[in-house]
Amino acid sequence: MSCRLSVIVPVYNERGNLELLLPSLQSVLRASGEEYEIIFIDDGSTDGSAEVLESMAAADPRIKVVQFRRNFGQTAALSAGFDIAAGEFVVTLDADLQNDPEDIPAVLAGMRQGFDVVSCWRRDRKDAWLTRILPSKAANLLISWIGGVRLHDYGCTLKGYRAEVLRHMQLYGEMHRFIPIYASWAGARVTEIAVKHHPRRHGSSKYGLGRTHRVLLDLITVKLLSSYSTKPMYFFGGAGLLACAAGVFFAGWTLFDKFFNGIKAHRNPLLLLAVFLFLLGVQFILMGFVAEIMIRIYYESRNKTPYLVRRTWNIPEPEALRQNRANDRNP
Ligand code: UDP
Ligand code: MG
């Protein structure tokens, strides 16, 4: 069945919300005039959400359901949705009605204007201030700064993507929130619109403060991947050379102390520092080398190219690119 719009909804213990969500989603989608499908990913719910989804799917072939064997997390649920989405446009939203389906047309309008990613900003967010809004504000500032894409709200699940920007993405951990960054690195045009946000009425939030450190660690990974994934030696080797140089400097200092200040080298703590820094530097350089080898295996074994091509003129597609595309379709 052809469809232009795929709506992806991750579901983890949301039984009370599903029956409210579906009709409002359907009426918005019908009004949008697009051919659509709704993909629910049941992320190992234990509250009977799966049974509700099953009966919904039985009533309407446009409702597709994937049930995970256990809880794999929201990122995994979303990527399963991306893998099966048939639409040209992909919209993701939460199952708990905190995102408002009424905002979907604005997201679609953004994509029709030519944006590849339309991210949403819960300007008036209805969550606990201290444990959710404050850490999220800090995280958004940091992510914007490091990722180089200025958005107010990375964490909002309601987002729209042109399907092609999702094709090259493998998501791990909490990384679905970084998709706008990945996409913009791959040349996508990203925009942000303000949307409504509602307090949760049924069920409970699956997250608390505990997620913050995971997001931070993922951010470090993303930064390292972006800057050094094709040349890890520049990162590790640079740090290694610096540490070695510092080691040599302190070794020289120790010698200076020995000859001019009469401090015996084995009594000088600087010697310890010199040895430590030098060994650390050597370790870093070796680590860079190991990473270089791994990067080669990564790109060469999967026939991945270190670049992405939008289109070509008068050039038959090279084998490597064709392979690359085939891999994207069957990750
Ligand atoms: N969710 C999921 N797997 C999880 C945790 C959450 O699929 O392990 C879904 C959840 O059902 C909801 C969405 O992800 O549809 C956002 O979760 P939640 O509302 O708990 O997060 P919050 O809005 O509090 O950030
Ligand atoms: Mg929520």
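For this chain, numbers begin at 1 and follow the sequence in order. Read the numbers this way: they start at 1 and go in the same order the structure lists the ligands and their atoms.
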Closest non-hydrogen atom pair between Ala85 and Ile39, with its separation: CA-CD1, 3.7 Å
Should the pair Arg70 and Phe72 be classed as cation-pi, given the thresholds of under 6.0 Å to the six-membered ring centre and 45° from the axis? yes
Taking 4.0 angstrom as the limit, do Glu88 and Arg4 come out as a salt bridge? yes
Quick one: give me the number of protein N/O/S atoms under 2.8 Å from the Mg ion (ligand 2). 2
Report, as yes or no, whether the 6.0 Å neighbourhood of atom NZ on Lys258 holds more than 12 heavy atoms from other residues, nucleotides or ligands. no
Mind telling me whether Phe249 and Trp253 have parallel, tilted or perpendicular rings, with 30° and 60° as the class edges? perpendicular
Which class fits the ring pair His152 and Trp121: parallel under 30°, tilted 30 to 60°, perpendicular over 60°? parallel
Leu53, Ile38, Val9 screened by side chain to side chain contact (heavy atoms under 4.5 Å, CB included) with Leu22, the one that passes: Ile38
Set of side-chain hydrogen bond (donor to acceptor under 3.5 Å, both in side chains) partners for Arg125, sequence neighbours left out: Asp127, Ser136
Return the set of residues passing side-chain hydrogen bond (donor to acceptor under 3.5 Å, both in side chains) with Arg123 (not counting sequence neighbours), or none when no residue passes. none
Give the protein residues with at least one non-hydrogen atom closer than 4.0 Å to an atom of ligand 1, ordered by chain and number. Pro10, Val11, Tyr12, Glu14, Asp43, Asn71, Gly73, Gln74, Asp94, Ala95, Asp96, Gln98, Arg132, Arg200, Ser205, Lys206, Tyr207, Arg211
